[in-house]
Amino acid sequence: MKLDKEKKIVLWAVLALFALFFTVRFGAIGFRVIAGFVLIYLIPSYFLIRHTSLEDDEKIFFSLFIGISIIPSITYAVGFVSLRLGIIASALVLLGAGYIIKKLIKKED
Amino acid sequence: MRKSSLGLIAIALIYLGALWLWGLPINEMPFGDVDSAGHFVLGDYMSYSDKSMYNLPFFIVPMYGSENNGRIWYPPQYHTNEAIFQAIGGERIIPVYLWVLIASVLSVISVFFVINKLYGMLPAALASFLMVFSARNYMTYLWAQWPQVAAFAFVPIVIYCYYQYTKDNKKTIYLYMTSVFLAIQYFFHPQAVGHSAMAIIVYSVVFLIVNRKMPFKIKTGLIAFFLLIILMLPFFHFSINSILWQTQSVDYKAPITRLFSWYPSYDLFKGFIPEDYFSFSKMHGLWTLPFLLLGVLFLALRRKSNDLLLLSWLFSYYLLIHMDITGLMVGRLHRAMFDEAHIFYPIIALGLLSLPQLFTLKGKAKTYAKYALIILFLVLAVNFNARQAYSNLSSAYPGILRLNEAEYEAATWLRDLPEDKGVRIAGTLVAAKKKWIGFLAYKVPIYDYETLSGEKSPDINYTNYFFVDYTDALAIGRQDVAAAIAEWEKSMLENKTPLYNKNNIRVYETG
C-alpha cells in the first residue's frame, strides 16, 4: 500500500515546486498557506484513504478533493467551541482514522 | 520514468500555470462583483470571531437574511475553508483569495485526471491545457460565483467513479466514492449535483441498452444511495430554500425550436450577463468547433465504453441547458453552461488526435502528423484562448473598480466599533464596493440611493454611521463629483465632527 520510491520523489518535488511558486508569488503568506494546506489538508486526507483498494494515483488526486471537504466539515463542527482548535482537531481526526483503518486492515490480513 | 510519474509532473506544471494566470488579479485589495463580499465575509467573520457561524451576524441579515431565514445560506464547507486559510495564512485578504484560487482552478486537475485515466496522457494534457484558458470558467471566478466554480470541478470525478464501478470487476468502493463526491459537490453548490446526477442517469440508460444489464447491483446501489443521504442530510437545510428557488417554474417557456439552438436566448439574461457568454466563438474560439464535431463523430463511431461515457455526459449537458423548454431553472440556465468546458475540451482534444486516423498514413508519418497537430493546437490555443485569458485576468478590476487602500483602512477601522450598526456609504462610485466596505467593517452596508435617485434605501433605518468617500472621484479626476459630495456632506452633516478623517475619507456617527 506504500508509494514506490520514484513516485515519492516526484510527489515531494511537485510539492516543493508549489511551495516555491506560492512563496515567490505571494511571499510569506503564500508559503504559510501552501505549507498549511499540505499539512492540514493533503497529508491527513491521504492517510485516510491510502489503505483503500483505490489505485495509487486515485489516492493522490482524491485526497485533494476529499480534503477540501472533510477538513472544513470537522473544523466547522468543532468550531462552535473554537475554530482554530477545529483546524487542528480535523487534521488529527483524519490521521487517527487513517491509523485505525490501517490497523483494521492488518488485523483482517 | 514511468508514465504515471510523468502524468503527475505534467498536471503539476499545467496547474501551476493556471494558478499563476488566474492568480494575476490577486493582491492586498479584494476583488469581485455582486456576491463576492458576501462570500468573503462568511469565512472572514468565522476566522475573526474564532467561531463557526450558523445564524448570520446582524450586519449580514438585511442583505442575505431572507435567503435562509437568517442562517447561512450555503453548506458551511466552502466558507469554513476561507476561515481556515485566513487562520493559517495570518492575513485577512490574500489567504482567502488563495483558497478561492486553488478551488477555482480545480477543474484543470479533475479534467486531466479523468481523461488521463480514460484516454491517456496526451488528450488529458491538451484538454486541461485548454481548461486553463476557459473563458466561461475564469469569468465566473472573476464574478465571484466561487462555490459554484469549485463544485463543478467535481463533475468529472463523480462521473469517473461511477464509470469505474460499472466496469466488469464492479469494485464497490467506486460506487461509494461516487456518493462521497456527490455529497462534496452538494457541500459547495447544489446545482453541480444536478449535472453529475444527470450524466450518471444518461450513462446508466446507455449502459442498460448496450449491455442489457443493470449498471449496478441493487443492494450496492441502495447502500450508496443511503450513504449519500446520510452525508448530505446534516447540511440539507442550509440550501433547501435556494434549491427550491432555483428549480421553480417561471412564466417563460422556450419554444420547441429551441432544441435546435445550443445556447438559450440572450434576451433572458440581458443586462446582467455579457452577450459574449452566449457565444461559442467568444468562449472557446471558433477554431475548436471542427475538432469538437470531429471528436463527437469519432466517439460516436467507435463507441467504446469510455466513448459512450463522454457522449452520455455531453447529452446530459445538452438536456440541462435546454431546461428552459420545460420552464424550469430558466433564471439559472447561464450557470448550467458553466459545465461546458469540462466536457467540450476533452472531446476537442480527442477530435484533434483522431485526425491522423482518418488517413492511411504509414510508419512514422502518423506520428509526425500527430505532433504537427499538437503544435497546431498549442499555437491556436495560445494565440486565441491564452492571449484573451491573460488580457482579461491581468486587467481585472482596475482603478476604482477595486477597493483602494484608503477605503480598506477606513473599513477596517470601523470594524472595531460595535457590530449591530449600519453604515451609509456615500461617494464610493462602484456599487459592489459599497457592500465590500460595509462587510469589511462588519456593519450593514447602506447604499446612498437617495443622493443618486432620490429613493430611500430599504435599509436606511440602520444608519448609524456615514462613510463619506472622496477617493474614487479624486482617482478619476472628477473634481465636479468631489464638489457634489462635499456639498451633500455639508448639507447632511454640517454640525457633526468626523470620528475618522484620513486619506479623503470621513466617517461620522449619527446615532
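Atom set for the values below is all heavy atoms of this structure, side chains included, hydrogens, waters and symmetry mates excluded.
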Would you say the side chain of B:Leu21 lies within less than 4.5 Å of the side chain of B:Leu24, judging by non-hydrogen atoms?
yes
Contact between B:Met46 and B:Lys51 at the side-chain level, heavy atoms closer than 4.5 Å - yes or no?
no
Given that the side chain runs from C-beta out, which part of B:Glu91 has a heavy atom under 4.5 Å from chain A: side chain, backbone, both or neither?
side chain
For chain A, which candidate among B:Ser47, B:Ala150, B:Pro75, B:Gly23 shows the most heavy-atom pairs at distances under 4.5 Å?
B:Ser47
Heavy-atom proximity to chain A below 4.5 Å, by part of B:Ile184
both
Pairing of A:Asp57 and B:Lys117 as salt bridge, 4.0 angstrom limit
yes
With a 4.5 angstrom heavy-atom cut-off, is it the side chain or the backbone of B:Leu19 that approaches chain A, or both, or neither?
both
Let's test your reading of the structure: which of A:Ile68, A:Ile40, A:Val78, A:Val10 forms the most heavy-atom pairs below 4.5 Å with chain B?
A:Ile68
Quick one, B:Phe85 and B:Ile102 - any side-chain contact, counting heavy atoms below 4.5 Å?
yes
Heavy-atom contact with chain B under 4.5 Å, split by part of A:Phe61
side chain
Atom group of B:Ile84 that falls short of 4.5 Å from chain A, counting heavy atoms
both
Student check: side-chain heavy atoms of A:Ile74 and A:Ile70 closer than 4.5 Å
yes
Name the region of A:Arg84, side chain, backbone, both or neither, that has any atom closer than 4.5 Å to a heavy atom of chain B.
both
Measure centre to centre between the rings of B:His39 and B:Tyr74, then say whether the value is under 6.0 Å.
yes
Under 4.5 Å from any heavy atom of chain B, what part of A:Phe26 do you find: side chain, backbone, both or neither?
side chain
Does any heavy atom of chain B fall under 4.5 Å from the side chain of A:Tyr41, the backbone, both, or neither of them?
side chain
Given B:Tyr141, which of B:Trp22, B:Phe152, B:Tyr97 fulfils the ring-ring contact (aromatic ring centres under 6.0 Å, His included) condition?
B:Trp22
Most heavy-atom pairs under 4.5 angstrom with chain A, which of B:Ile173, B:Asn81, B:Ile11?
B:Asn81
Return the option, out of A:Ala28, A:Gly30, A:Ser82, with the maximum number of heavy-atom pairs under 4.5 Å with chain B.
A:Ser82
Assess whether atom CD of B:Glu405 is packed by more than 12 heavy atoms of other residues, nucleotides or ligands within 6.0 Å.
no
Can you say whether B:Gln86 sits under 4.5 Å from chain A via the side chain, the backbone, both, or neither, judging by heavy atoms?
neither
Is it the side chain or the backbone of B:Leu6 that comes within 4.5 Å of chain A heavy atoms, both, or neither?
neither
Among the options B:Pro76, B:Ser49, B:Ala153, pick out the one with the most heavy-atom pairs lying under 4.5 Å from chain A.
B:Pro76
Non-hydrogen atoms of chain B under 4.5 Å away: do they reach the side chain of A:Ile87, the backbone, both or neither?
side chain
Go through the atoms of B:Ile26 and report whether side chain, backbone, both or neither lie under 4.5 Å from a heavy atom of chain A.
both
Honestly, the part of B:Ser110 sitting under 4.5 Å from a heavy atom of chain A is both
Name the region of A:Val14, side chain, backbone, both or neither, that has any atom closer than 4.5 Å to a heavy atom of chain B.
side chain
Is the side chain of B:Ser179 donor-acceptor paired with the backbone N or O of B:Ala224 at a distance under 3.5 Å, no angle test?
yes
Most contact-rich option vs chain A, by heavy-atom pairs under 4.5 angstrom, among B:Leu13, B:Leu106, B:Asn27, B:Ile9, is B:Leu106
Residue, of B:Gly7, B:Ala12, B:Cys161, that accumulates the most heavy atom pairs under 4.5 Å with chain A
B:Ala12
Cut-off 4.5 Å, heavy atoms of chain B, and the answer for A:Ile9 is neither
Aromatic rings B:Phe187 and B:Phe235: how do their planes relate, parallel, tilted or perpendicular, breaks at 30° and 60°?
perpendicular
What pair of heavy atoms forms the shortest contact from B:Ala183 to B:Leu231, and how long is it?
CB-CB, 3.7 Å
Decide, yes or no, whether a salt bridge links B:Arg2 with A:Asp4 under the criterion of side-chain N to carboxylate O below 4.0 Å.
yes
Portion of B:Met53 that has a non-hydrogen atom of chain A nearer than 4.5 angstrom:
backbone
Between B:Tyr442 and B:Asp44, does a side-chain hydrogen bond (donor to acceptor under 3.5 Å, both in side chains) hold up when you go through it step by step?
CA-CA 10 Å; B:Tyr442 295 167; B:Asp44 178 58; 2.7 Å; yes
Minimum side-chain heavy-atom gap A:Leu42-A:Phe47 below 4.5 Å:
no
Please flag which part of B:Trp99 lies under 4.5 Å from any non-hydrogen atom of chain A: side chain, backbone, both or neither.
side chain
Is the A:Phe65 ring parallel, tilted or perpendicular to the B:Phe154 ring (thresholds 30°, 60°)?
perpendicular
Counting only non-hydrogen atoms closer than 4.5 Å, does A:Ile66 touch chain B with its backbone (N, CA, C, O), its side chain (CB onward), both, or neither?
both
